[in-house]
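Only heavy atoms go into these numbers, but all of them, side chains included; no hydrogens, no water, no symmetry mates. Below, read A as the first sequence line, B as the second, and so on, with proteins coming before strands; counting in each chain starts at 1. On a predicted model such as this, the values are computed, not experimentally measured, just so you know.
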Amino acid sequence: MSEFLIQPEVYSTGRHQSLIGLLEDIWIKNNDLGKGTYYVLSGYGNYNGGVRFFSTFQRHIDEGGRVVSIFGASTSQRQTSKQLVERLLECGCIVYLVNRKNIFHSKCYGYASENEDKLIVTSGNFTSRGISNNVEAAVYLDTNFTHQIKFQWNNLETAVLTQNWDIYTPTLTDPENPAWQLLYDEHESGIGIEESQTVTMVMTLGHADTVRINADPGTKEARGSQYFWLSKNCYDFFPPLTILNSRGYKTTNQCLINLYYVDLKYVDKKTRVTFEAGNNVDFRLGTARYRNTKLAQENDLMVLSRISENNYEIRIIRKNSPKYNVLRQHAVDFIGHRGKRIGYIQNKRLEEILEIQLLKKNEFERLLSNQEH
DNA sequence: GTCACTGGGTCG
DNA sequence: CGACCCAGTGAC
């Protein structure tokens, strides 16, 4: 069924609330994995924009399918990242880069097989924000509709690729290919994040989040890893999840962040964020330092502030804290089936509510180096 | 010991 | 069956 939406959860005529939902529908829930072609046309692209789909792309291609992607790229603007393109190529995707800023600005996604042409036309780029939390519109046109208007993906593909544009095709075996110069490095220091991304995640904690925190050392309850389980909606709250699991066979996408435990006055420089892409799509934040500390109980609030690209502060707001109620109101989204709540709040507003000062980026760096000694 | 992984469970 | 929930094992 064709449908229209404006994300996130602004307006929708169908079942989906965001672009990522539509994409999951046509790609992941596709019964014909291995048949036909997946299409990505986007002006911009970054790693976390694709992280939900890499393993699907890989399987699709391994089983004989195609994935064709076309991105805008430029030496002067950060449009599409090296990390994304590398990963797509590793999966076997075909990647074209159109080198002319402001020209390749369309965002279309889709699926085509012998008798199908599914098309999503949207304002959302293939980026972590574009697919989920930016305010973007999207129309999904099913095969009935596209065939009514005589749309065919292979015609579009041919049309685009035969334009007199500056089109590059990077390959993994050719790092000297000028195509790579059109891509930016997401890990490059100093890229920083926009003001709008300096936000704080506020989440209520559930049983699984706190058992190990309240367990005594050596007991059965203390075994295993200490995590906070987050919602899948947080692709754009973390740095690119470019680290793949080294052992095991189920794909996980991870990144490491610096996490300052305010309650413990300790910075963990190897805090792992894991997206269990090939398992149960869990999103986990490793919070090992809280183990056995009894610093948090069920229904307490976890407050995780993004200070800069890789630097975060975490604090627990206990249920009996005077600030608890006002903060909890910001955890507006219900997730899971145990009444867990999650939401985001601007860092400035958090500082006002808690009457605190979050660390500035340079203060955080100083803390890091002080802890070296 | 620790924690990256595993692989179920559960409910709407 | 999707998306959090949960309880470990065994590699390191």
Between [X] ([atom1]) and [N] ([atom2]), how many Å, whole number?
{"X": "A/Asn245", "N": "B/dG7", "atom1": "CG", "atom2": "P", "value": "13 Å"}
{"X": "A/His337", "N": "B/dG9", "atom1": "NE2", "atom2": "P", "value": "13 Å"}
{"X": "A/Lys220", "N": "C/dC6", "atom1": "NZ", "atom2": "P", "value": "14 Å"}
{"X": "A/Phe334", "N": "C/dC4", "atom1": "CZ", "atom2": "P", "value": "14 Å"}
{"X": "A/Leu23", "N": "C/dG2", "atom1": "CG", "atom2": "C1'", "value": "17 Å"}
{"X": "A/Gln254", "N": "B/dT6", "atom1": "CD", "atom2": "P", "value": "11 Å"}
{"X": "A/Glu298", "N": "C/dC6", "atom1": "CD", "atom2": "C1'", "value": "12 Å"}
{"X": "A/Met203", "N": "C/dA3", "atom1": "CE", "atom2": "P", "value": "17 Å"}

Exercise. Out of A/Thr13, A/Asp142, A/Thr143, A/Thr146, which residue meets the side-chain hydrogen bond (donor to acceptor under 3.5 Å, both in side chains) rule with A/Ser2?
Worked result: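 Among A/Thr13, A/Asp142, A/Thr143, A/Thr146, the one that satisfies the side-chain hydrogen bond (donor to acceptor under 3.5 Å, both in side chains) with A/Ser2 is A/Asp142.
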
For [N], does the base pair up with any side-chain atom of [X] as donor and acceptor (N or O, under 3.5 Å, distance only)?
{"X": "A/Asp282", "N": "C/dC5", "result": "yes"}
{"X": "A/Asn280", "N": "B/dG7", "result": "yes"}
{"X": "A/Tyr227", "N": "B/dC5", "result": "yes"}
{"X": "A/Arg223", "N": "B/dT6", "result": "no"}

Report yes if at least one side-chain N or O of [X] is closer than 4.0 Å to OP1 or OP2 of [N]; otherwise report no.
{"X": "A/Ser246", "N": "B/dC5", "value": "yes"}
{"X": "A/Arg291", "N": "B/dT2", "value": "no"}
{"X": "A/Tyr249", "N": "B/dG7", "value": "yes"}
{"X": "A/Lys232", "N": "C/dA3", "value": "yes"}

What nucleotide among [options] has an atom nearest to a side-chain atom of [X]?
{"X": "A/Lys250", "options": "B/dT6, C/dC6, C/dC12", "answer": "B/dT6"}
{"X": "A/Val211", "options": "B/dC5, C/dA7, C/dC4", "answer": "C/dA7"}
{"X": "A/Glu24", "options": "C/dC4, B/dA4, C/dA3", "answer": "C/dA3"}
{"X": "A/Arg52", "options": "C/dA11, C/dC5, C/dA3", "answer": "C/dA3"}
{"X": "A/His207", "options": "B/dC3, C/dC5, C/dA7", "answer": "C/dA7"}
{"X": "A/Thr252", "options": "B/dC5, C/dC6, C/dG8", "answer": "B/dC5"}
{"X": "A/Arg247", "options": "C/dC4, B/dA4, C/dC6", "answer": "B/dA4"}

Exercise. When the nearest nucleotide of DNA chain B is assigned to A/Ser225 and to A/Arg284 on a heavy-atom basis, which residue is associated with the more 5' position?
Worked result: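 Nearest nucleotide further toward 5': that of A/Ser225.
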
Problem set entry | First of A/Lys270 and A/Arg338 reached from the 5' end of DNA chain B, by closest nucleotide |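 Per heavy-atom nearest nucleotide, the more 5' residue is A/Lys270.
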
For [X], answer base if it contacts any base atom (sugar-phosphate contacts may also be present), sugar-phosphate if it contacts only those atoms, and nothing otherwise; contact means non-hydrogen atoms under 4.0 Å.
{"X": "A/Gly224", "value": "base"}
{"X": "A/Arg272", "value": "sugar-phosphate"}
{"X": "A/Thr274", "value": "nothing"}

For this session: Measure the acute angle between the ring planes of A/Tyr11 and A/Phe4, then classify it against the limits of 30° and 60° as parallel, tilted or perpendicular.
Result: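 Because their plane-to-plane angle lies in the 30° to 60° range, the rings of A/Tyr11 and A/Phe4 count as tilted.
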
Heavy-atom check, side chain of [X] versus side chain of [Y], under 4.5 Å:
{"X": "A/Glu221", "Y": "A/Asp216", "value": "no"}
{"X": "A/Phe57", "Y": "A/Glu90", "value": "no"}
{"X": "A/Thr242", "Y": "A/Asn253", "value": "no"}

For this session: Check the pair A/Arg284 / A/Glu276 against salt bridge (charged side-chain N to carboxylate O under 4.0 Å, His left out), numbers first and verdict last.
Result: CA-CA 8 Å; A/Arg284 309 174 182 187; A/Glu276 297 273 349; 3.6 Å; yes

Problem set entry | Interatomic spacing from OG1 in A/Thr210 to CG in A/Asn299 - rounded to 0.5 Å |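 The distance works out to 8.5 Å.
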
